[in-house]
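The structure under discussion appears below in the form of structure tokens.
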Protein chains: 4
Amino acid sequence: MMHFENSTQAIYLQIVEYVCEQIILEQWSIGEKIPSVRELAVKMEVNPNTVMRSYEVLKNEQIIFDKRGIGYFIAPHGQSNALIYLQQEFTSKSLPQVFKTMYLLKMDITDLQQPFEQFKKNLDT
Amino acid sequence: MMHFENSTQAIYLQIVEYVCEQIILEQWSIGEKIPSVRELAVKMEVNPNTVMRSYEVLKNEQIIFDKRGIGYFIAPHGQSNALIYLQQEFTSKSLPQVFKTMYLLKMDITDLQQPFEQFKKNLDT
Amino acid sequence: MMHFENSTQAIYLQIVEYVCEQIILEQWSIGEKIPSVRELAVKMEVNPNTVMRSYEVLKNEQIIFDKRGIGYFIAPHGQSNALIYLQQEFTSKSLPQVFKTMYLLKMDITDLQQPFEQFKKNLDT
Amino acid sequence: MMHFENSTQAIYLQIVEYVCEQIILEQWSIGEKIPSVRELAVKMEVNPNTVMRSYEVLKNEQIIFDKRGIGYFIAPHGQSNALIYLQQEFTSKSLPQVFKTMYLLKMDITDLQQPFEQFKKNLDT
DNA sequence: GTGGTCTAGACCACC
DNA sequence: GTGGTCTAGACCACA
């Protein structure tokens with residue numbers, strides 16, 4: 001279903017983001033069982049160990065929790081924790097770099113308005 | 001003088017950006033000799049090989065050129081090439097990631113206004 | 001009724017301890033029939049197989065015995081055997097680990113006094 | 001040098017404890033480079049991936065940090081963070097179980113005094 | 001079936 | 001040389 005070839009980011013981190021996305025968009029709801037390590041591995045066409053690693057990160061962030069021998073489930077505050085996680089990554093990793101470049105290029109925030117609208121349009125197609 | 005531990009980006013790319021910055025902000029003027037690989041390596045507290053790699057990227061982008069046995073110099077259109085390089089990196093790499101996250105976090109462009117002002121203030125200090 | 005998620009110990013061993021506890025505290029009396037595998041499984045919200053495994057351990061330790069088709073009963077010396085079992089586990093598994101950590105943390109036995117009192121207080125509530 | 005066969009705990013967690021131990025006992029000092037993943041793997045007679053996993057945990061706990069391509073180093077507050085880590089593990093995982101058993105066995109804290117002294121004596125030999 | 005650990009070995013980016 | 005990621009495959013404990 002998914003291929004990761006185009007991105008420089010580690011696959012297991014992309015899967016972390018994918019799971020966060022599903023939870024935030026409420027494709028998977030709170031308390032619900034999420035795909036097993038092996039299931040998701042098949043779907044994502046990666047090794048189970050890779051998914052395992054993603055789930056470990058998500059567990060540390062208290063986005064999911066595990067019942068041994070049964071599976072992984074979305075944690076009580078899973079959705080908000082997922083939002084917090086993505087937000088933290090965004091503010092600490094993406095934003096500073098973006099701002100620095102914008103400063104050098106003498107760009108203003110408003111210069112992003114039009115490309116952002118364009119981006120959102122492309123999502124629909 | 002500089003620490004790179006906080007960023008996820010490769011050190012040699014951070015140095016590329018640093019050099020672009022110096023050129024764009026005209027800390028280093030056109031045609032002028034820029035620091036030798038060894039000098040910059042000492043200043044940046046990194047391995048000379050790392051600086052070497054950065055200079056190779058900059059040479060490919062025609063931002064600097066080398067006179068063998070003498071040193072590296074800012075290329076004729078160094079400043080504009082630096083701007084172009086940063087802009088390309090920005091539009092192709094940073095922006096798409098940023099937009100995707102902003103969409104998920106239901107953020108608007110205007111939400112960036114305040115953090116950006118904050119960022120620019122911090123530059124002065 | 002019970003949740004085991006917080007502990008690192010295997011669920012079936014926690015159930016073994018639970019049964020020992022009931023017997024030692026004489027919640028279940030000697031010679032009496034104890035809950036069936038299914039009953040306890042429902043109460044503990046675990047798989048019957050898990051309780052089954054616990055009962056097998058308890059049978060090996062001669063803490064309980066089974067009358068086929070009828071159920072499990074507390075063995076003649078069930079209470080003392082339960083005490084012996086817990087003591088053995090304690091001295092061979094828990095204590096060495098605890099002592100090693102206490103040594104590293106430069107803790108003294110007396111440092112445990114206050115937390116232990118606290119623990120006993122919490123039992124009443 | 002080391003074998004882990006006797007313990008039920010995961011090897012990578014035992015290595016985490018080992019590293020904490022070295023730091024706390026100041027065998028390795030703050031800011032200093034610790035053995036590379038491959039070095040420690042050879043010494044511990046385990047797969048490099050296993051040591052890698054231990055170092056990841058230690059990095060999360062801010063006990064060590066990494067300079068890519070150079071190695072791992074003891075973090076600024078590495079020693080105190082190591083203490084905190086061990087203490088947390090101790091209080092949350094070991095203590096409750098110990099206390100519960102002691103309660104059932106009608107033991108008192110003072111009953112641990114003599115075995116603890118014995119344990120410390122055995123360390124010298 | 002589930003999660004969890006470990007190995008062996010490969011490959012990459014970086015220093 | 002260093003860390004970091006990924007695969008393939010094995011084995012275990014647990015439900």
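Throughout, protein chains are lettered first and strands after them, A, B, ... in sequence-line order, and every chain is numbered starting at 1. Computed from a predicted structure; not experimentally measured.
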**OP:** Let me see the working for D:R53 and A:E56 under salt bridge (Lys or Arg N to Asp or Glu O under 4.0 Å), right down to the final yes or no.
**Re:** CA-CA 12 Å; D:R53 198 166 173 188; A:E56 232 175 282; 3.2 Å; yes
Original post:
Within the structure shown, what part of the strands sits under 4.0 Å from D:K59 by heavy-atom distance: base, sugar-phosphate, or nothing?
Top reply: sugar-phosphate
**OP:** Quickly work out the C:N47 CG to F:dA13 C1' distance and round it to whole Å.
**Re:** 14 Å
Subject >> Listed once per pair and sorted, the salt bridge (Lys or Arg N to Asp or Glu O under 4.0 Å) pairs that draw on residues 81-98 of chain B, sequence neighbours left out >> reply: B:E89-B:K93
**OP:** Assign each of D:Y12 and B:Y12 to its nearest nucleotide of DNA chain E by heavy atoms, then name whichever residue's nucleotide is nearer the 5' end.
**Re:** D:Y12
Original post:
Taking the six-membered ring of C:F73, is the NZ or CZ of C:K67 close enough (under 6.0 Å from the centre) and on axis enough (within 45°)?
Top reply: yes
Subject >> Watson-Crick and G-U pairing of DNA chain E, under 3.5 Å, as dot-bracket with | and [ ] >> reply: ||||||||||||||.
Subject >> Phosphate contact (F:dA15 OP1 or OP2) by C:R53 side-chain N/O below 4.0 Å >> reply: no
Original post:
Hey, which of these two, B:N49 or D:P48, hits DNA chain E nearer its 5' end, going by closest nucleotide?
Top reply: D:P48
Subject >> First encountered from the 5' end of DNA chain F, between A:G69 and D:I34 >> reply: D:I34
**OP:** Calculate the interatomic distance between C:R38 atom CZ and F:dA15 atom P; express it in whole Å.
**Re:** 19 Å
Subject >> Range on DNA chain E touched by chain B - first to last nucleotide, heavy-atom distance under 4.0 Å >> reply: E:dC14 to E:dC15
**OP:** Pick base, sugar-phosphate or nothing for D:Y55, based on heavy-atom distances below 4.0 Å to the nucleic acid.
**Re:** nothing
